[in-house]
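Next up is a structure, given as structure tokens.
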Number of protein chains: 2
Amino acid sequence: MSAIAERITLEDVAREAGVSLATVDRVLNRRPGVREKTAAKVQAAIAKLGYRPDPAAARLARKETFRFCFVLPTGTNTFMRNLEEQVGITAEWLAPQRAFVDILHVDVFDPNVLATALERLEGRYHGVAVIALDHPRVRAAIDDLVARGSAVVTLVSDAPTSRRLRYVGIDNTAAGRTAGTLMGRFSGGRKGPVALIAGSLALRDHAERQFGFMQVVNGEFPNLKTLPLREGRDDSELTRRLTEEILAAHPDLVGIYNVGAGNRGIAAALEAAGRERDVIFIGHDLTDHTRRFLVRGVMDAVINQDAGHEARSAARVLLAHCTGEPILPEQERIRIDIFLRDNIP
Amino acid sequence: MSAIAERITLEDVAREAGVSLATVDRVLNRRPGVREKTAAKVQAAIAKLGYRPDPAAARLARKETFRFCFVLPTGTNTFMRNLEEQVGITAEWLAPQRAFVDILHVDVFDPNVLATALERLEGRYHGVAVIALDHPRVRAAIDDLVARGSAVVTLVSDAPTSRRLRYVGIDNTAAGRTAGTLMGRFSGGRKGPVALIAGSLALRDHAERQFGFMQVVNGEFPNLKTLPLREGRDDSELTRRLTEEILAAHPDLVGIYNVGAGNRGIAAALEAAGRERDVIFIGHDLTDHTRRFLVRGVMDAVINQDAGHEARSAARVLLAHCTGEPILPEQERIRIDIFLRDNIP
DNA sequence: CTGTTAGCGCGTTCAG
DNA sequence: CTGAACGCGCTAACAG
């Protein structure tokens with residue numbers, strides 16, 4: 001049908017511009033040592049021929065390798081384990097692109113430990129992806145890394161005022177609002193209290209989710225009253241005890257929104273009390289557990305962020321920064337997934 | 001930290017196995033002309049060294065180019081226009097991989113026209129992606145294409161009993177169930193009828209969505225009664241008129257589920273009647289229109305399939321088939337997205 | 001049946 | 001400041 005578009009190569013551009021391959025390469029990669037005039041000629045030739053570099057060839061020829069470090073929490077909740085697995089898969093994808101990743105485990109709940117760990121990374125990596133804590137010391141450590149030439153992306157949890165290249169994760173306020181809307185609409189006008197459990201409000205993502213949830217529920221669903229938030233430290237055992245207390249204190253409880261991890265504990269408490277059908281239970285992160293809870297009807301909705309997407313996106317952003325390639329912002333936007341019993345993947 | 005994993009090349013494998021590059025290449029690409037015993041030696045070496053081929057180098061060296069054809073509907077509803085745009089973007093991504101795509105416009109509502117169009121493609125393309133119609137003639141045309149050596153994937157709408165390589169799209173029954181659950185839960189026990197509008201039940205995806213929806217609503221929400229389905233031919237003008245009729249006939253209407261396109265018509269009729277707050281409106285496909293309807297509160301939920309993902313996935317599946325590379329099934333699964341006002345991307 | 005060799009398009013020396 | 005030449009890992013012709 002249409003004529004096959006013959007590939008335009010650097011050589012074509014060089015011929016068109018009347019210069020050599022190396023010169024074209026220099027202007028293309030913004031390397032120094034080219035006169036303005038020749039650079040302009042080359043640019044013109046590139047534009048005229050519509051030259052598009054062949055990434056495959058570039059990767060093959062490139063000698064330089066890149067080193068990335070993913071800083072992940074020591075904790076072992078299911079989402080983080082999944083994320084780590086996805087980072088591993090991403091690493092395999094990166095190897096042919098001459099990029100290699102290390103994984104560093106750190107107690108992300110402690111800003112000093114995290115900051116110290118980041119400081120130790122200085123000068124050792126081209127790129128760092130970190131589950132951030134929004135704390136002055138951590139911010140400073142990120143800024144230092146950037147100042148020393150590392151690219152830094154925040155992953156899952158942001159430090160917005162730092163000099164990180166980009167945040168790879170969901171909009172947690174919107175996620176909280178989404179949970180709030182689902183809670184409100186699922187309640188169907190039923191009057192009563194709604195409980196919130198979070199890991200820790202020191203975590204920016206948890207605080208934002210709570211904020212978004214309250215905004216919607218308190219603003220638009222007057223039949224619901226949010227109970228004071230309890231902190232479950234993302235620990236199943238603790239969330240189970242908290243849930244037991246809440247259930248005992250509020251026989252008319254309409255719903256529970258779990259902002260963080262520890263869904264297993266909540267489910268256990270609900271089932272032990274025989275109120276799993278009665279209480280709307282919305283939480284985060286699709287795991288083997290939450291999947292089962294959805295199917296059994298214990299959970300009513302799960303808000304999810306795709307760990308695989310996040311790991312790949314962080315890697316792509318870092319790599320693109322290193323090679324100077326552009327990114328497709330649309331592809332890097334992490335979506336807020338809603339899963340019901342019916343659309344579990 | 002860890003030693004950089006040196007890349008293992010074909011040459012390493014050849015040395016380990018005591019053969020030449022070409023021989024390794026032959027067993028790797030399952031080309032004929034190698035004795036069982038040497039093949040086994042090579043396999044052993046590959047396994048021992050953990051060799052992983054470098055796709056970049058392979059693409060660079062490969063002479064062969066591939067031609068794909070995307071068969072899309074002539075109709076111009078927003079989803080299809082978006083899909084076409086995404087196919088265009090995918091084409092740019094394919095060019096460096098030496099694959100080139102043509103787009104063919106066909107009236108997909110007419111099985112004979114579609115089948116004839118497919119028949120004309122025989123022998124001209126390495127791969128074909130088609131919005132299928134589940135009809136004997138279409139099935140036969142697909143099977144013929146496959147018999148003549150083309151790889152065929154069905155896109156968005158499947159022909160399950162054909163010999164297509166794969167279906168790239170969502171599980172429409174599950175999508176209908178998802179809509180049903182949302183409708184039921186959003187209704188909050190309110191008693192009354194629910195209307196269904198589809199493009200045409202001759203389209204397999206529409207029929208399946210309807211089935212899933214009815215399954216859930218009739219089975220689990222006794223407060224709701226589904227009205228007989230009306231066909232709106234995916235046309236806004238027609239769906240508007242149908243909606244007007246439905247609204248007039250059912251002052252106690254609880255909700256409308258639009259299985260196909262034409263959301264604009266329904267929204268217009270709801271707003272004209274001043275019942276947009278009152279009637280739960282759930283439809284498919286996030287577009288500029290439905291996005292606005294969500295924000296305005298006219299629509300309550302939109303079920304979406306990511307057109308960009310579908311286009312890329314179809315391309316990846318076809319290309320992988322041509323080059324003999326494996327695919328990651330997990331990455332090719334098209335998700336059923338739920339969008340509320342709060343999580344619009 | 002198996003080995004040798006010439007590129008694919010680009011990055012990267014090293015000479016001019 | 002610019003150009004020539006080599007090699008990345010692999011495929012595909014051609015010899016043997």
Side-chain angles (χ1 to χ4, degrees), chain A residues 4-43 45-46 49-66 95-99 319 322-325, chain B residues 4-43 45-46 49-66 95-99 319 322-325:
Chain A
I4 284 190
E6 255 317 312
R7 230 197 132 56
I8 293 151
T9 74
L10 263 196
E11 210 147 8
D12 301 323
V13 176
R15 199 180 316 113
E16 174 76 25
V19 295
S20 82
L21 274 173
T23 306
V24 180
D25 178 72
R26 281 179 192 111
V27 340
L28 218 66
N29 296 320
R30 282 160 206 154
R31 272 189 281 262
V34 184
R35 258 188 313 194
E36 288 265 339
K37 271 173 63 177
T38 34
K41 269 200 303 193
V42 174
Q43 292 287 13
I46 289 175
L49 300 181
Y51 167 75
R52 315 254 313 144
D54 182 337
R59 277 203 304 270
L60 231 202
R62 204 182 309 267
K63 278 288 190 7
E64 191 180 8
T65 62
F66 301 111
Q97 334 258 357
R98 290 175 169 46
L319 189 61
C322 288
T323 64
E325 286 173 44
Chain B
I4 284 188
E6 256 318 312
R7 236 202 124 52
I8 291 150
T9 74
L10 263 196
E11 212 145 7
D12 301 324
V13 177
R15 199 179 318 114
E16 174 76 24
V19 296
S20 82
L21 272 177
T23 305
V24 180
D25 178 71
R26 283 182 189 108
V27 341
L28 219 63
N29 296 319
R30 282 160 206 156
R31 274 189 278 260
V34 182
R35 256 189 314 191
E36 288 265 339
K37 270 174 63 176
T38 35
K41 269 200 302 192
V42 173
Q43 294 287 14
I46 289 175
L49 300 180
Y51 168 76
R52 315 254 313 145
D54 182 338
R59 276 202 305 270
L60 189 56
R62 205 183 308 267
K63 278 290 189 4
E64 191 180 8
T65 65
F66 301 110
Q97 335 257 356
R98 292 180 169 43
L319 188 61
C322 288
T323 63
E325 286 172 45

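Note that this is a predicted model, so its numbers are computed, not measured. So you know, we letter chains A, B, ... as the sequences are listed, proteins then strands, and number each from 1.
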**Request:** Have a look at A:P32 and say if it touches a base, only the backbone sugar-phosphate, or nothing, with a 4.0 Å heavy-atom cut-off.
**Result:** nothing
**Whole-Å gap separating C1' (D:dA12) and CG (B:L10)** =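 Rounded to the whole Å, the gap is 13 Å.
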Please tabulate the protein-to-nucleotide N/O contacts below 3.5 Å involving nucleotides 14-16 of chain D, giving atom names and distances.
none

**Request:** May I have the distance from B:L21 (atom CG) to D:dC8 (atom P), rounded to whole angstrom?
**Result:**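 After rounding, the gap between these two atoms is 12 Å.
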**Prompt:** Under 4.0 Å: is that the gap between some side-chain N or O of B:T38 and OP1 or OP2 of C:dT2?
**Reply:** yes
**Message:** Can you tell me which nucleotide in D:dC10, C:dG9, D:dT11 comes closest to the side chain of B:R62?
**Reply:** D:dT11
**Asked** Can you tell which of C:dC10, D:dG9, C:dT12 lies closest to the side chain of B:L60?
**Response**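 Among the listed nucleotides, the one closest to the side chain of B:L60 is D:dG9.
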**Prompt:** Rounded to whole angstrom units, what separation is found between the CD atom of A:E64 and the C1' atom of C:dT12?
**Reply:** 11 Å
**Side-chain N or O of B:S20 closer than 4.0 Å to phosphate OP1/OP2 of C:dT4** = no
**Prompt:** How large an angle, rounded to 10°, do the end axes of the helix from C:dC1-D:dG16 to C:dG16-D:dC1 enclose when each is built from five base pairs?
**Reply:**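 Result, rounded to 10 degrees: 40°.
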**Complete:** note: B:R35, atom CZ; C:dG3, atom C1'; distance rounded to Å ~ 14 Å
**Message:** Any base atoms under 4.0 Å from A:A58, or only sugar-phosphate, or nothing? Heavy atoms, all strands.
**Reply:** sugar-phosphate
**Asked** Among the nucleotides D:dT11, D:dG3, C:dC10, which one has an atom lying closest to any side-chain atom of B:N29?
**Response**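 Selected nucleotide: D:dT11.
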